[in-house]
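To find a chain, count down the sequence lines: A is the first, B the second, and so on, and within it residues start at 1.
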Amino acid sequence: MRYWLMKSEPDVFSIEDLKKKKSEHWDGVRNYQARNYMRDEMKRGDKVLFYHSNCKPPGIAGIAKVVKESYPDHTAWDKKSPYYDAKSNAENPRWFMVDIAFVKKFKNYLSLHELKNIQKLSEFKLLQKGNRLSVFPIEKAEFEYLQELGEKV
DNA sequence: GCCAACGTTGGC
DNA sequence: GCCAACGTTGGC
């Protein structure tokens, strides 16, 4: 099993939305590296840290899991979609997505500010300068540590 | 709203 | 294949 972090803007889709919907397809990723992770490496059952970006305050909100492995992101060939890409079509899809399901919302929201102060996480990719990837792998130890921290009251 | 840090595009 | 211009992300 592998571990991941996925970013979402809560104004668009938050962990509460995921909780209500139970599961959701992760459409709209238009970055090749993030796509490759989803298309090639994410497997059913993998655990995901759900990160809230572009909000106040940004941070890790909870946990999700992969419930469906990669398949073409059809929003890429929907002209009405904000994620439309003329270079992608059903015969030769360029973009892929997975489905994730709600696991839990942290009792203790882990704000980015707070995480930055933890010495142990100095190597954590999320905290590294210039990291704009919306999907990336994390270490098992990092996941377990953050999960524990998030469940602490 | 600003802007640093990327990623992508397209002319050459 | 280089690289300038442009677009996007996302913290602050």
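Taking the centre and axis of the six-membered ring of Tyr71(A), the NZ or CZ atom of Lys68(A) falls inside the cone set by 45° and 6.0 Å.
A straight line from CD of Gln128(A) to P of dT9(C) spans 21 Å, rounded to a whole angstrom. Rounded to whole angstrom, the span from the CG atom of Asp85(A) across to the P atom of dT8(B) amounts to 12 Å. Between the CG atom of Asn31(A) and the P atom of dC6(B) there is a distance of 13 Å, given to the nearest Å. One atom, CH2 of Trp95(A), and another, P of dG7(B), lie 13 Å apart when rounded to the nearest Å. Between the C1' atom of dT8(C) and the CZ atom of Arg132(A) lies a distance of 5 Å, rounded to the nearest Å. Atom CG in Asn117(A) sits about 16 Å away from atom P in dG11(C), given to the nearest Å. As a whole-Å value, the separation of Arg94(A) CZ from dT9(B) C1' is 11 Å. In this structure, the CG atom of Leu133(A) is 9 Å from the P atom of dG10(C), given to the nearest Å.
A donor atom on one side chain and an acceptor atom on the other are found under 3.5 Å apart for Trp4(A) and Asp46(A).
Here Lys87(A) does not reach the OP1 or OP2 of dT8(B): none of its side-chain N or O atoms lies under 4.0 Å away. Taking 4.0 angstrom as the limit, Tyr32(A) places none of its side-chain polar atoms (N or O) nearer than this to OP1 or OP2 of dC6(B). For Lys129(A) and dA4(B), the shortest distance from a side-chain N or O to OP1 or OP2 is not below 4.0 Å.
In this structure, CZ in Arg44(A) is found 10.0 Å from CG in Asp99(A), a value given to the nearest 0.5 Å.
A ring-centre distance under 6.0 Å is not found for Trp26(A) and Tyr37(A).
Heavy atoms of Lys56(A) sit nowhere under 4.0 angstrom from any nucleic acid atom.
In this structure, the nucleotide among dC12(C), dG7(B), dG10(C) sitting nearest to the side chain of Leu112(A) is dC12(C).
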